[in-house]
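Proteins get letters first, then strands, A, B, ... in listed order; numbering begins at 1 in each.
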Amino acid sequence: MKFEDAMRLAQQRGFFFKSAESYPNSPAGFWEYGPLGVSMRNKFVELWRREVVKRDGMLEIDGAQILPKGVFEASGHLSGFTDPFVKCGNCGSVFRPDKLIEEKSKRPVPEKLTDGEYDELMQKEGVKCTKCGSKLSGTGRFNMMFRVGVGPQQEEAYLRPETCQSIFVDFPLLFKTQRVKLPIGVAQVGKSFRNEIAPRQGLLRLRELNQAEVEVFFNPKKIDGKRFERAEEVVLNFVAPDGKKTTATVVGAVEQGLVPNALVGYYLALVNSFYARAGLPPDRVRFRMLAEEDRAFYSLGAFDLEVELSVGWVELVACNYRGDYDLSRHSRISGTDFSVDDEGEKVVPHIFELSLGVDRSLYALLETSMAVDGERRTLRLKPYLAPRTTGVFPLVNKDGLPELAEKIERSLKEDFDSFYDDSGSIGRRYARADEAGVPVCITVDYDSLKDNSVTLRSRDTSGQERVQISDLRGVIAGAISFPRLLLEG
RNA sequence: GCGGCCGUGAUCCAGUGGUUAGGAUAGUGGCUUCCCAAGCCACUUGCCCGGGUCCGAAUCCCGGCGGCCGCACCA
């Protein structure tokens, strides 16, 4: 129920809505951000820059969305990012061969067989189309990347399925030109594209998605350091593959072997504190430790940051220790040396990745901050993430009040996300503002004309105070200021 | 992709073979209004798409697309 409520509010207030809905056959998995959604996303990304990128002294890039075939040969997406399928020659139905074989033989089918092995098993078991009984095609592959043809020759290229490949490919140039040393984080926020078979649940599963990624490059022989110590006392929640829950400080988690080393612990703490600042309730955030069989084949360790929502635990950030897989592969396939100098030592850096889903995060913030009290809905977003900062209202539409209110709004709109509203009763305007998460509203009344003061009304308490018009700028700036950083020192 | 349920204004709901497709909420314009969705008047917006059955389809049938749930997938 909560999921539908949140989606309804998102659409009614213009946070996000389905793409091109006026056209029939518009496919699932594509969404548009409306005015409030864009504003909130901008602020969310800015908070990420502040709490993660700048905090850690990372480099930020913005890579191309279309990349040549070779990049995905190196990354493994061309061969590995696929699902097997068979097609009925008669009725055209599409099936997964492993499911058909399992159904027929009543035995589990081993994972990751070759196409030939599927064909052989289907032959042996006499698998036919379950719809019409006709013969099926040989096993084919459905690649989840969107293929595009570049230029008149339609050169084979793909929309990137993750933002990180640009970071890997650009790394040698960045290292040479930016005068940095290992360990160094490189960040990127941008779009990725995945041709999902069954996108579902709004922003939680998209074909076109926004990611904010961090790739930390480091010398695997140097995984401790002073800079990592400042996260030692941060408390994190873990859940093991067997379901066992543990709450531990970073230093404790490293000692218990939950986390492989101080570097990984530091970055888990960094992303954890980012979400605390964004406003997710800390007791509903945890790191799921992935079992070996659930990880990508190159992964040397993986943690998913999850949040508990109405639909269950949802993964927001994939934290992956990728070893030297990426740089070694790009070295080999491109023929370029991807090793760098680290204090006199030639090294192919290892990579720890924090791959954050922006759209999912925004949905999670919307759902967790939505408070419903009867008819009344209030979006208790952190003031620095609220898409609209302040509304200016004349108490009544006469006697010069609108003129003064408009003047105040004009003086604020360039520095703040303000709006003017004179429609309906004052209570109605407060209610509308609450739904959009506006943290403070300004009301101009008859006293304002006499003493240059206005009412400042708070979203979360509905309390009021009088403020001089000349003080408004400072008061509002204070109300939406960023919190102090968690990882001091 | 498989199975189940479902699809009427921006939202929620009524309408199950013949209705000018109705209401509520929201929205717009106006009136009123000295602080929390008050009231009055007027107005805007709809049967997911395509095919079939029928004299006649929002309603029945088929297909597509979409939504929710379960399974699978999630590098």
**Q** Considering residues at least two apart in sequence or located in another chain, which fulfil the ring-ring contact (aromatic ring centres under 6.0 Å, His included) criterion with Phe393(A)?
**A** Tyr430(A)
**Q** So, using side-chain hydrogen bond (donor to acceptor under 3.5 Å, both in side chains) as the criterion, who are the partners of Glu465(A) when residues are at least two apart?
**A** none
**Q** Is there a residue in residues 466-480 of chain A whose heavy atoms reach under 4.0 Å of RNA chain B, and which residues are they?
**A** Arg466(A)
**Q** Tyr325(A): which residues meet the ring-ring contact (aromatic ring centres under 6.0 Å, His included) condition with it, sequence neighbours left out?
**A** Phe297(A), Tyr298(A)
**Q** Assuming nearest nucleotide by heavy-atom distance, tell me which of Asn320(A) and Gln11(A) is located more 5' along RNA chain B.
**A** Gln11(A)
**Q** Looking across every strand, which nucleic acid part, if any, lies under 4.0 Å from Gly357(A) by heavy atom: base, sugar-phosphate, or nothing?
**A** nothing
**Q** Test: salt bridge (charged side-chain N to carboxylate O under 4.0 Å, His left out). Region: residues 430-449 of chain A. Which pairs qualify, not counting sequence neighbours?
**A** Arg13(A)-Glu435(A), Arg376(A)-Asp434(A), Arg377(A)-Glu435(A), Asp421(A)-Arg432(A), Asp434(A)-Arg457(A), Asp445(A)-Arg466(A), Asp447(A)-Lys450(A)
**Q** For RNA chain B, what residues of residues 203-216 of chain A have any heavy atom nearer than 4.0 Å?
**A** Arg205(A)
**Q** Look for any protein N or O under 3.5 Å of an N or O in nucleotides 30-33 of chain B and output each such pair with its distance, or none.
**A**
from: U33(B); atom 1: OP2; to: Lys398(A); atom 2: NZ; distance (Å): 3.4
from: U33(B); atom 1: O4; to: Asn397(A); atom 2: N; distance (Å): 3.3

**Q** Is Ser299(A) touching bases, backbone alone, or none of the nucleic acid, heavy atoms closer than 4.0 Å?
**A** nothing
**Q** Please determine, for the side chain of Arg200(A), which listed nucleotide (C68(B), A37(B), C36(B)) has the closest atom?
**A** C68(B)
**Q** Under 4.0 Å from any atom of RNA chain B, heavy atoms only: list the residues of residues 443-451 of chain A that qualify, in numerical order.
**A** Thr443(A), Asp445(A), Tyr446(A)
**Q** Indicate yes or no: does Asp5(A) engage Lys2(A) in a salt bridge with an N to O separation below 4.0 Å.
**A** no
**Q** Does anything in residues 385-407 of chain A pair up under salt bridge (charged side-chain N to carboxylate O under 4.0 Å, His left out), and if so which pairs, sequence neighbours excluded?
**A** none
**Q** For RNA chain B, report each stem as range with range, ordered by first number, or say none. Use Watson-Crick or G-U wobble pairs under 3.5 Å, at least 3 in a row.
**A** B:1-7 with B:65-71, B:10-13 with B:22-25, B:27-31 with B:39-43, B:48-52 with B:60-64
**Q** Which comes earlier along RNA chain B counting from the 5' end, the contact point of Asn25(A) or that of Gln201(A), where each point is its nearest nucleotide?
**A** Asn25(A)
**Q** Base, sugar-phosphate, or nothing for Pro27(A), non-hydrogen atoms under 4.0 angstrom?
**A** sugar-phosphate
**Q** Donor-acceptor pair under 3.5 Å: do we get one between Thr455(A)'s side chain and the base of C35(B)?
**A** yes
**Q** Sequence neighbours excluded, which residues qualify as side-chain hydrogen bond (donor to acceptor under 3.5 Å, both in side chains) partners of Ser328(A)?
**A** Asp324(A)
**Q** So Tyr298(A), base contact, sugar-phosphate only, or nothing? Heavy-atom distance under 4.0 Å.
**A** sugar-phosphate
**Q** Within the 4.0 Å heavy-atom criterion, would you say Ala198(A) contacts the bases, only the backbone, or no part of the nucleic acid?
**A** base
**Q** With a 4.0 Å cut-off on heavy atoms, is Ser75(A) in touch with a base, just the backbone sugar-phosphate, or nothing at all?
**A** nothing
**Q** Check side chain to side chain contact (heavy atoms under 4.5 Å, CB included) between Ser19(A) and all other residues, then give those that pass, not counting sequence neighbours.
**A** Phe30(A), Glu32(A)
**Q** Nearest-Å distance, CD (Glu435(A)) to C1' (G27(B))?
**A** 13 Å
